[in-house]
Amino acid sequence: MGLLDILLGRTRPVAPDLDQLFALPSAAVTLEAAAGFTPTGVGAVCFATVEGAAFEQTHREVQALLDADADRTGPPVELTQDGYGYSWLVSRRSPGQLPQLVNDLHAVNSSMEINGFGPQLLCSLAAFEDERGRRLGLVYLYKRGTFYPFAPLPGAAERRDSALELQVKAALASDLRTEQDLSRWFPVWGAPGL
C-alpha cells in the first residue's frame with residue numbers, strides 16, 4: 001500500500017481466511033447455551049454461477065474427495081441454484097457432525113479457490129434450529145473473512161428477525177470474527193437449510 005492509497009482512503013481487501021470456519025463448532029456450543037440453537041447438519045457454499053468444463057471438473061473432484069469419507073451417508077455434495085441465480089454446493093450431515101460439516105465446507109471452498117474460482121465465492125453457511133422451529137444461519141463472508149447471523153422469520157415472505165440476529169451477534173462476539181458493518185449482513189433468501 002502506497003502513500004497515494006493512504007491519502008485517497010483506499011484500503012486493501014481482507015484476504016479470505018478459510019481457517020475461520022473451524023471456529024464454528026465451539027461457537028455452536030455457545031450458541032446453544034445462549035439462545036438454544038443446535039446444528040441441523042446442513043451447510044452450503046454459495047458462489048456466482050459458473051458454467052463450463054473447468055467447473056464441472058472441480059465439482060467432480062469435490063464430490064470424489066467428500067465421497068471418500070466413510071462416515072457419510074447419502075450424496076456428498078448437492079449442487080443447487082436459488083431463485084436469484086446463485087449456485088450452492090450443499091453438504092448434509094447428521095446434526096451431531098458439525099466438525100465434519102465444517103471440514104466439508106472448508107474442502108469445497110479450498111478446492112474452488114485452488115482451481116481458480118475464488119473470485120466467484122460469496123459465502124458459506126451453517127444452519128441451526130431451536131426447539132420452536134426458528135431457523136438461523138451463521139454466514140461466513142468469503143471476501144471479508146467474517147461471520148454474521150441470518151435469521152429468516154418462519155412463514156414470512158422475505159422478512160428477518162433482526163432482534164435475534166443482534167442477540168446472536170452479541171453472544172458469539174468472543175467465538176467468531178463477526179462482521180461489524182451491519183450493511184454487509186446480506187439476506188440469503190432461499191439458502192439451503194433455512
Side-chain angles (χ1 to χ4, degrees), residues 13-28 31 39-129 135-150 175-179 184-194:
V14 176
D17 181 6
L18 291 175
D19 290 344
Q20 291 296 315
L21 290 170
F22 294 119
L24 277 173
S26 64
L31 184 59
T40 64
V42 178
V45 176
C46 181
F47 54 94
T49 300
V50 179
E51 295 185 22
F55 176 74
E56 287 301 320
Q57 177 63 29
T58 301
H59 182 238
R60 281 193 299 275
E61 288 174 11
V62 168
Q63 276 194 304
L65 173 68
L66 298 181
D67 198 28
D69 184 354
D71 291 339
R72 180 180 291 283
T73 58
V77 174
E78 171 189 358
L79 180 61
T80 65
Q81 195 169 40
D82 65 22
Y84 297 96
Y86 294 105
S87 296
W88 295 84
L89 281 170
V90 184
S91 178
R92 297 183 192 283
R93 295 280 189 159
S94 70
Q97 292 183 312
L98 184 60
Q100 292 87 340
L101 181 67
V102 168
N103 287 339
D104 292 349
L105 297 177
H106 191 277
V108 169
N109 277 291
S110 296
S111 294
M112 290 190 66
E113 190 176 63
I114 288 168
N115 286 298
F117 296 106
Q120 281 79 27
L121 287 169
L122 301 174
C123 67
S124 294
L125 175 139
F128 294 80
E129 185 176 38
R135 295 286 180 143
L136 173 76
L138 291 180
V139 181
Y140 174 75
L141 289 171
Y142 178 79
K143 291 178 174 77
R144 302 277 296 172
T146 56
F147 288 88
Y148 68 91
F150 174 67
D175 291 292
L176 296 176
R177 185 183 298 165
T178 307
E179 177 58 51
R184 295 194 180 267
W185 288 23
F186 306 110
V188 285
W189 307 120
L194 297 180

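Numbering of residues begins at 1 and proceeds along the displayed sequence.
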Trainee: Looking at CG of L79 and CZ of F47, how far apart are the two atoms once the value is rounded to the nearest 0.5 Å?
Mentor: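 So the CG of L79 and the CZ of F47 are separated by 5.5 Å.
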Trainee: Under 3.5 Å, is there a donor-acceptor pair between the side chain of R135 and the main chain of A127?
Mentor: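 No.
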Trainee: Mind running ring pair (Phe, Tyr, Trp, His ring centres under 6.0 Å) on W189 and F150 for me, showing each step along the way?
Mentor: CA-CA 9 Å; W189 307 120; F150 174 67; 5.1 Å; yes
Trainee: Tell me whether F117 at atom CZ has more than 12 heavy atoms from other residues, nucleotides or ligands lying less than 6.0 Å away.
Mentor: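 Atom CZ in F117 is crowded, with more than 12 foreign heavy atoms closer than 6.0 Å.
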Trainee: Identify the two heavy atoms, one from D175 and one from A23, that lie closest to each other, and give their separation to 0.1 Å.
Mentor: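 That would be O-CB, 3.7 Å.
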Trainee: Which distance, rounded to the nearest 0.5 Å, do you find between the CD of Q100 and the CZ of R93?
Mentor: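 The distance works out to 5.5 Å.
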Trainee: Tell me, please, which residues at least two apart from A107 pass side-chain contact (heavy atoms from CB on, under 4.5 Å).
Mentor: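 A107: side-chain contact (heavy atoms from CB on, under 4.5 Å) contacts with L65, L66.
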Trainee: Considering all heavy atoms of both residues, which atom of K143 and which atom of L122 are nearest to each other, and what is their separation?
Mentor: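 Minimum heavy-atom separation between K143 and L122: NZ-CD2, 4.3 Å.
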Trainee: What heavy-atom pair brings L125 and P192 nearest, and what distance separates the two atoms?
Mentor: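 The answer is CD2-O, 3.7 Å.
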Trainee: Walk me through whether N115 and E61 qualify under side-chain contact (heavy atoms from CB on, under 4.5 Å).
Mentor: CA-CA 10 Å; N115 286 298; E61 288 174 11; 3.6 Å; yes
Trainee: Taking side chain as C-beta onward, heavy atoms only, is L18 less than 4.5 Å from E113?
Mentor: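 With C-beta onward as the side chain, the pair touches.
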Trainee: Answer yes or no: is there a side-chain heavy-atom contact under 4.5 Å between F186 and V139?
Mentor: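 F186 vs V139: side chains apart.
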Trainee: Search all heavy atoms of Q81 against all heavy atoms of S87 and return the closest pair with its distance.
Mentor: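 It is NE2-OG, 4.1 Å.
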Trainee: Roughly how far apart are S26 OG and L31 CG, rounded to 0.5 Å?
Mentor: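 Here the interatomic distance stands at 11.0 Å.
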Trainee: Taking all non-hydrogen atoms of both residues into account, name the closest pair between F22 and H106 and its distance.
Mentor: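 Closest approach of F22 to H106, heavy atoms only: CE1-CD2, 3.5 Å.
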Trainee: Quick one: do W185 and L141 satisfy side-chain contact (heavy atoms from CB on, under 4.5 Å)? Show the steps, please.
Mentor: CA-CA 9 Å; W185 288 23; L141 289 171; 6.0 Å; no
Trainee: Might you work through the side-chain contact (heavy atoms from CB on, under 4.5 Å) test for T146 and R184, ending with a clear yes or no?
Mentor: CA-CA 10 Å; T146 56; R184 295 194 180 267; over 6 Å; no
Trainee: May I have the step-by-step check of side-chain contact (heavy atoms from CB on, under 4.5 Å) for L176 and Y148, ending in yes or no?
Mentor: CA-CA 9 Å; L176 296 176; Y148 68 91; over 6 Å; no
Trainee: Does any non-hydrogen side-chain atom of P25 lie less than 4.5 Å from one of V102?
Mentor: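 Yes - at least one pair of side-chain heavy atoms lies under 4.5 Å apart.
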Trainee: Measure the CZ-CG distance between R92 and D104 for me, rounded to the nearest 0.5 Å.
Mentor: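 Between atom CZ of R92 and atom CG of D104 there are 12.5 Å.
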Trainee: Testing the basics here: between S124 and V45, what is the closest heavy-atom pair and its distance to 0.1 Å?
Mentor: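 In terms of heavy atoms, the two residues are closest at OG-CG2, 3.6 Å.
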Trainee: Heavy atoms, side chains only, cut-off 4.5 Å: are F128 and P39 in contact?
Mentor: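 SC-SC contact between F128 and P39 confirmed.
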